[in-house]
Amino acid sequence: MDAHLNDIYDAVIRRNPGEPEFHQAVESLFGSLAVALGRHPEYADDALVERMCEPERQIIFRVPWADDSGRIHVNRGYRVQFSSVLGPYKGGLRFHPSVNLGIIKFLGFEQIYKNALTGLPIGGGKGGSDFDPKGRSDREVMRFCQSFMTELQRHIGEHTDVPAGDIGVGQREIGYLFGQYMRLKNAHESGVITGKGISWGGSLVRKEATGYGVAYFVSNVLESAGDSLDGKRVVVSGSGNVAIYAIEKVQQQGGIVVACSDSSGYIVTEKGIDVPLLKDIKERRRARIHTYADESGSATFVRDGSVWDVDCDVALPCATQNELDHTAAETLARNGCTIVAEGANMPVTPAGVRTLRQAGVKFGPGKAANAGGVATSALEMQQNASRDSWHFDYTDQRLESIMSDIFQRCRDTAETYGAPDDYVLGANIAGFTTVADAMCALGVV
Ligand code: NDP
């Protein structure tokens, strides 16, 4: 980081105390920017970088709701509208007890550059709540979502801010949120939220898109070296939306996923994951991962330890932030892993990224590797705006070609800046320059 960026970074820490994940996301971007600012001195004018680090708007609100016994609970809701220079704010809602303002700001900050990389007209935002849907009945989740949307609806709209899902927010929650929005607005504005069900304004492939996109990104990395996923041993962390569809697409492309996890432990199977069984356990029954070992007859459940201890060629962290540290990175490299791609947002710690790169492991940052979800959300918005719905294969082809474009932008930008195969630098600079050029054109706002 050069002196100018260092000063801005110090100010970010001072002005946003107690938000380590947000600091980490800013530091990770700034680590790549010195060379870009060297070539483009105009980006250092008009406090452009300082403005990028300050959300346009941050909304925090009370969410009261009644559980099934009538007891009232109070959670906190957030929506951080970070940057609208490229389009309406776009980014998911996360419901998890760990959610706080710093987490939402880190996710919103990442989202700006990820969305820029897709080449589609979407700005960056993120939201959520410290509500924990785990163990709650459908009715409780519905009442929470209705209360959350009763406040959020004042701040969103198809031309303003378009939320989607994230951890803890799947199609069930999107349905309850959209239902309440419709009721309050007396209008079926399907473009206000993405991740909807197919019969009520959703897009085919949106559910699969983030995970499929990660697999497409990895295929691009391998193809650029004359290789493919065929026969590769793959380990995936998590067993939620991103993980399930990453597993599905990796296996469709000939890879074998030998392990996946949830927060209670992981399962290992040499036969590859039985995806229909995993979906039934996780999407329908919302059960714990040991159920897979109990029912598949071919997998072992490991309660303690790390999923990254399992030998693999490719590792896909698809659970949550900072879940793969430098010790896990060392283990992966020692066991012969050659590619790590982030399905989750910022799952690899900064020390983990350094360790992987020093060991020659190719690393796909989340901004690029998991951008398929938001890209397909933008395709859902296109379909909503034109009152159309596209076929699965066509939408999947669009996703595949967007992921290929993202990979090429990362690779070409890295090469242009003298750091071949450094996809972190490529993704950061390509995303940053797109946003910076728009900010220069739009004046100081
Ligand atoms: P889900 O809620 O569907 O799944 C999350 C998975 O990660 C679950 O298996 C969960 O296990 C596990 N997990 C969550 N927190 C922890 C933890 N602290 N320790 C261990 N495991 C944990 O979320 P998604 O699949 O939607 O999201 C996963 C990641 O991908 C997040 O970082 C998200 O921001 C990112 N992402 C998601 C996109 C999307 O379209 N959904 C788009 C781009 C990025 P358990 O059930 O036990 O908690």
Side-chain angles (χ1 to χ4, degrees), residues 21 25 90-99 103-104 106-111 114-115 117-118 122 124 126-128 131-135 163-174 194-195 202-203 205-214 217 236-248 259-267 278-279 281-283 285-292 303 305-308 316-325 328 341-348 364-380 399 403 406:
E21 292 85 2
K90 185 86 197 83
L93 299 171
R94 176 176 292 191
F95 292 168
H96 192 271
S98 64
V99 163
I103 299 262
I104 299 297
F106 121 63
L107 291 164
F109 188 75
E110 283 278 300
Q111 196 82 49
K114 179 191 309 196
N115 293 3
L117 275 177
T118 67
I122 39 180
K126 198 83 188 187
F131 171 72
D132 188 358
K134 226 179 267 156
D166 189 81
I167 291 178
V169 179
Q171 211 171 88
R172 174 183 61 170
E173 290 76 15
I174 295 289
T194 59
S203 171
V205 191
R206 174 60 190 91
K207 183 174 63 169
E208 296 84 355
T210 309
Y212 277 20
V214 177
F217 188 89
V236 175
S237 66
S239 47
N241 174 263
V242 180
I244 289 172
Y245 292 95
I247 293 169
E248 181 166 279
C260 68
S261 64
D262 66 15
S263 58
S264 68
Y266 65 92
I267 56 110
L278 183 67
K279 285 183 185 173
I281 291 169
K282 284 294 177 181
E283 292 185 332
R285 287 188 266 160
R286 299 178 191 275
R288 309 310 289 152
I289 197 69
H290 69 78
T291 315
Y292 184 94
R303 187 177 302 280
S306 163
V307 71
W308 309 123
L316 305 178
C318 295
T320 194
Q321 63 273 0
N322 293 328
E323 52 157 318
L324 196 165
D325 62 9
E342 294 186 316
N345 285 311
M346 216 167 69
V348 186
K367 279 187 196 80
N370 72 35
V374 75
T376 309
S377 274
L379 301 182
E380 183 173 333
L399 168 65
M403 292 313 296
I406 290 174

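Just follow the structure's listing: the first ligand is 1, and inside any ligand the first atom is 1.
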Among protein heavy atoms, which lies nearest [atom], and at what distance?
atom	result
atom 40 (O) of ligand 1	T210 OG1, 2.7 Å
atom 17 (C) of ligand 1	T320 CG2, 3.6 Å
atom 44 (C) of ligand 1	N345 ND2, 3.5 Å
atom 25 (O) of ligand 1	V242 N, 2.9 Å
atom 34 (O) of ligand 1	D166 OD1, 2.6 Å

Next on the checklist: Below a 4.0 angstrom heavy-atom separation, can you tell me which part of R206, side chain or backbone, both or neither, approaches ligand 1?
Outcome noted: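 Under 4.0 Å from ligand 1, R206 contributes side-chain atoms alone.
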Item to check | ligand 1-proximal atoms of K134, by part, heavy-atom distance under 4.0 Å | outcome: side chain
Checklist entry - Nearest non-hydrogen atom to atom 2 (O) of ligand 1 belongs to which of G168, G240, P347? => result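 Closest candidate by heavy-atom distance is G168.
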Checklist outcome for this item: The option among I167, D132, N322 carrying the non-hydrogen atom nearest to atom 27 (O) of ligand 1 is I167
Counting only nitrogen or oxygen atoms and a 3.5 angstrom limit, does [X] reach ligand 1?
X	result
S263	yes
R94	yes
K126	no
A243	no
N241	yes

What atoms of ligand 1 come within less than 4.0 Å of a heavy atom belonging to [X]?
X	result
G238	9 (O)
A344	29 (C), 30 (O), 32 (O), 35 (C)
S239	9 (O)
C318	28 (C), 29 (C)

Is the side chain of [X] donor-acceptor paired with the backbone N or O of [Y] at a distance under 3.5 Å, no angle test?
X	Y	answer
E342	G366	yes
S261	G238	yes
E173	G165	no
R94	G127	no
K114	A368	no
D166	G92	no

Does [X] have a non-hydrogen atom less than 4.0 Å from ligand 1?
X	answer
R288	yes
Q321	no
E110	no

Checklist entry - Is at least one protein non-hydrogen atom found at under 4.0 angstrom from atom 10 (C) of ligand 1? => result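 Given the 4.0 Å cut-off, atom 10 (C) of ligand 1 does not count as touching protein heavy atoms.
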Checklist entry - Within a radius of less than 6.0 Å around CZ of R285, do more than 12 heavy atoms belonging to other residues, nucleotides or ligands occur? => result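 Buried by this count: over 12 neighbours within 6.0 Å.
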Checklist entry - Could you give the distance from CG (N241) to CD (E283), rounded to the nearest 0.5 Å? => result 7.5 Å
Checklist outcome for this item: The reported gap from CG in L117 to CE in M403 (rounded to nearest 0.5 angstrom) is 9.5 Å
Checklist entry - Under the criterion salt bridge (Lys or Arg N to Asp or Glu O under 4.0 Å), which of R288, R286, K134 is the partner of D262? => result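 Per the salt bridge (Lys or Arg N to Asp or Glu O under 4.0 Å) rule, the option paired with D262 is R288, out of R288, R286, K134.
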